[in-house]
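In what follows, every chain begins at residue 1, and chains take the letters A, B, ... in the order their sequences are listed.
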Amino acid sequence: MRQFRALTGESVLQALLALRAQPLRSALALVGVVIGIVTVVLMASVLSGLRNQVALLFRELGTENVFVYHRSGDPYSSPSELEAGRRPLDPAFGPILAREAPSVSEVAAQLLVPAIAAGRPLIARSGRAESDTALIEAVTSNFFAVTGAEFAAGRPFTPLEERSRARVAVLGANVAGALFGPDPALGKSFRLAGDEWFVVGVAAPRKGGFFGENRQDNVIALPLATARQRFPEADALILYLRSEPGRRDAARLEAEWVLRRLRGLGPTEENDFNLSTADQIIGQFDRLAAGIGLVTVGLAAVSLLIGGIGIANVMLIGVTERTREIGLRRAVGARRREVLSQFLIEAVILSFAGGLAGVATAAGLGFLLSVLLPAFPSVPPLSIAAAGLASSLATGVVAGWWPARRAADLPPVEALRYE
Amino acid sequence: MPRCGATLPRVRIPRTVGRASHLETWRQAAAACFAHPLRTVLGALAIAAAVGTLILVETAVDTLAAYARESAARVFGAETFVVARIGSPGTLSRRELAARLERNRPIRRADVRALERFSQGRVVYAPTAQRAADVVAGGRRFEGASVSGTGAALPRLRDLGIAEGRFFLPMEERSGAQVVVIGADLAETLFPGRDALGASVRIGGRGFRVIGLQARLGTTGGVTLDRYAWMPLVAWERLFGPAETLQVSARAPEGEPVARAEDRARASLRALHQLAPGEEDDFDIVLPEAARSFVLALVDRVGAVTPILTAMALLAAIVVVTNTTLVSVAQRTWEIGVRRAVGATRGQIVREVLAESILVSLAGGVVAVVAVSALARVVASTTGLPVTLRTGTVVVALVAATLAGLVAGGYPARRAARVDVIQALRQE
């Protein structure tokens, strides 16, 4: 054991000396590995960061919540042919679900108002600015609590405002900025669809999003009752069921049962509505994104492959140049195994050093990128950094194997004769 | 007596002595490459990997685009265009959409009749209106079929794949006969094991006779083509009321360019709507929106990142070739010394070193082209995708390989040029 350790220590020393003997060559080979590792680690970090942002977006809507909609897929995109005929959900379902499903503690509703009403686009106008990209939604007063929305200023609607169909609104962070600039939006009013609406609350910027964009920041939230009266053609209703802690799956099953009864479905008929949870949506997204992720990281890995070729090349050149040295060493008793491990260790040291440098560079670049472009979170998580180091090690082993074998297989007599 | 190590006096050597022709340069470079085949192969391999990814990505993007176009052509026909109130609603902002809705008039049956009259048979039109509805036959129900009212000319515009029976005739279109052509899913669900031809179905409470069956068309770009029920537009309007606006598919006849047919359609509709020469159109004419499948949108997004990745790969490959060339130069120091001593200029040495690195890189580039085209052929034969390796891509790849070689050889060439002749001659 001690012998093995002494031998390995000696080999490492030899390897370092050999590398130092040809500094430029070794440095260039190392640079190749650094380029490869930086590419792979940075790419993987960016993808992981973006994915986490998306997951955060959905988790923010409530991990204990069950979402109900009358179609599957994104409520904001156009329906598939098959589901185009489905009836939307009735807001009256909300209280019924809360009452009849014991695992459901409360139900909030969100009505999506189409951007074009009666041929006219919905544009929000404050005194000096207007927004034609704000999304109009009508929500129940408990929506903000159920979806864990935080307020930068003001408060959500009160049930009284809802009952009396008051013209009040809660603005998302971006809309408030667009309409009122740096001034506080609280207490001001804006015009929408010919009416004047008063701002009673401004939501804090939401966490997470797609490339830094979170839908909810662009939303003008109106009370459900008021909006239904004002925009009768809006029918895309989403129900948010908050379940009792830890009983989300039970809540989902109970909700399904109640809804099937409410929709009058027979025992053989399939659901004409869709239930989903944040985890489910994130899972779907992951499945879709896995493919792209793999392809992108694969492309990045080509750089690492090329770095490996560089290491192999340098090793081969080294073997050729030191043929006499190898012959001599074998002649005085070194075994094949020792020669092999000698060169292998050299290759591994080179590529591992490249790996360390690469991970450090990627971390630095990633940090810089995150500061300059907040939409691209790219600080390498520990798992990816470790994977980067591991792959640099693997590259060294794989790249160095064949040259090391060639060195070990050199017939000693021929090697000694080599010019 | 001159001291040892002093430099030789500068002697002017006429340029013609020792001057190598260009061919000689390349031949020398090739000799240098073949002298150390293993090194050369590895260098070429590195460049091949980098250039290969470049070609692969470009080809993949081109193939997917071709596939999307082909799918759309299969559904809509290659020379078809669409006249509609709003052509591509997905691309418009809220304000533009509202403005268009206000300005553009809905297209009605009267418009279609006028279009046909004005075209004098030169353009083929088929108006379409569509709604989801249930189709019932003898106790069985098919939910959410795409019930489409259209014109008798539709089979000339779209490949409907009528396997049995026939499409309805212009006569039946005019009278709004209660006949229907159904898709494969409907036939299977409503008439399992039976021949659906001649049977009757009920849609929206009215009876229709099945006069034609579509073959199984499958799914293209995310749209299932087997859930349709085609009937004359007049019959459709009898069921669902007049359509708010019609989508009119149109096609230039064989041999005529699409642009001319489009112009004719535009002129006809403008005349019908009595638009003055300077006024804008109050309708849209578009090419049928190729199903913007999720894949294509994805490709766009990935396509933004790939240039960076290919650049990094190319950089790594350049580093490998630089390394290789440096070693080659170091090993031929003596040779370089001799050649300089007998009159070769620095420029010649530089050119030769560059030639060597370019040769290696170009070889790698050629290998990449050959490998990817072989792969493309294999993929095309096994999956049937329209794999297209454009000549433009090949040219770009080879140019990139050459430039990579040039860049890679730059530093070694400079080092070779700066070799001190005396020192070089002293090496063995």
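Between chain B and the options A:G32, A:A115, A:G310, the largest number of non-hydrogen pairs under 4.5 Å is found for A:A115. Among the candidates A:L24, A:V31, A:L305, the residue making the largest number of heavy-atom pairs closer than 4.5 Å to chain B is A:L24.
Heavy-atom distances place no part of A:L304 under 4.5 Å from chain B, backbone and side chain included. Within the 4.5 angstrom heavy-atom criterion, no atom of B:V41 approaches chain A. Contacts between A:E321 and chain B at a heavy-atom distance below 4.5 Å involve the side chain alone, from C-beta outward. In this structure, no portion of A:A27 lies under 4.5 Å from any heavy atom of chain B. Only the side chain of A:V314 comes within contact range of chain B, judged by heavy atoms closer than 4.5 Å. Both the backbone and the side chain of B:L45 come within less than 4.5 Å of a heavy atom in chain A.
From A:E269, atom CD reaches atom CD of B:E143 across 6.5 Å, with rounding to the nearest 0.5 Å. Here the CD1 atom belonging to A:I306 is positioned 9.5 Å from the CG atom belonging to B:L315, to the nearest 0.5 angstrom. Remark: A:I309 CD1 to B:T324 OG1 distance equals 10.5 Å, nearest 0.5 Å. Of the inter-residue distances, the one linking B:N323 atom CG with A:Q22 atom CD reads 9.5 Å to the nearest 0.5 angstrom.
Scanning both residues, B:A49 and A:V302, for their nearest heavy atoms gives O-CG1, 3.9 Å. Residue B:A316 comes nearest to A:S303 through the heavy atom pair CB-O, 4.1 Å, listed as atom of the first residue, atom of the second, then distance. Closest approach of A:N313 and B:R39 over heavy atoms only: OD1-CA, 3.8 Å. The shortest heavy-atom contact between A:L28 and B:V319 is O-CG1, 3.1 Å. Here the shortest heavy-atom pairing between B:M312 and A:I35 reads O-CG2, 3.6 Å.
No option in B:T310, B:I308, B:L309, B:L56 other than B:L309 meets the side-chain contact (heavy atoms from CB on, under 4.5 Å) test with A:L299.
Between A:R406 and B:L38, some side-chain heavy-atom pair lies under the 4.5 Å cut-off. Taking the side chain as every heavy atom from C-beta outward, B:L326 and A:R25 never approach each other to under 4.5 Å.
Other residues, nucleotides and ligands contribute more than 12 heavy atoms inside 6.0 Å of the CZ atom of A:R263.
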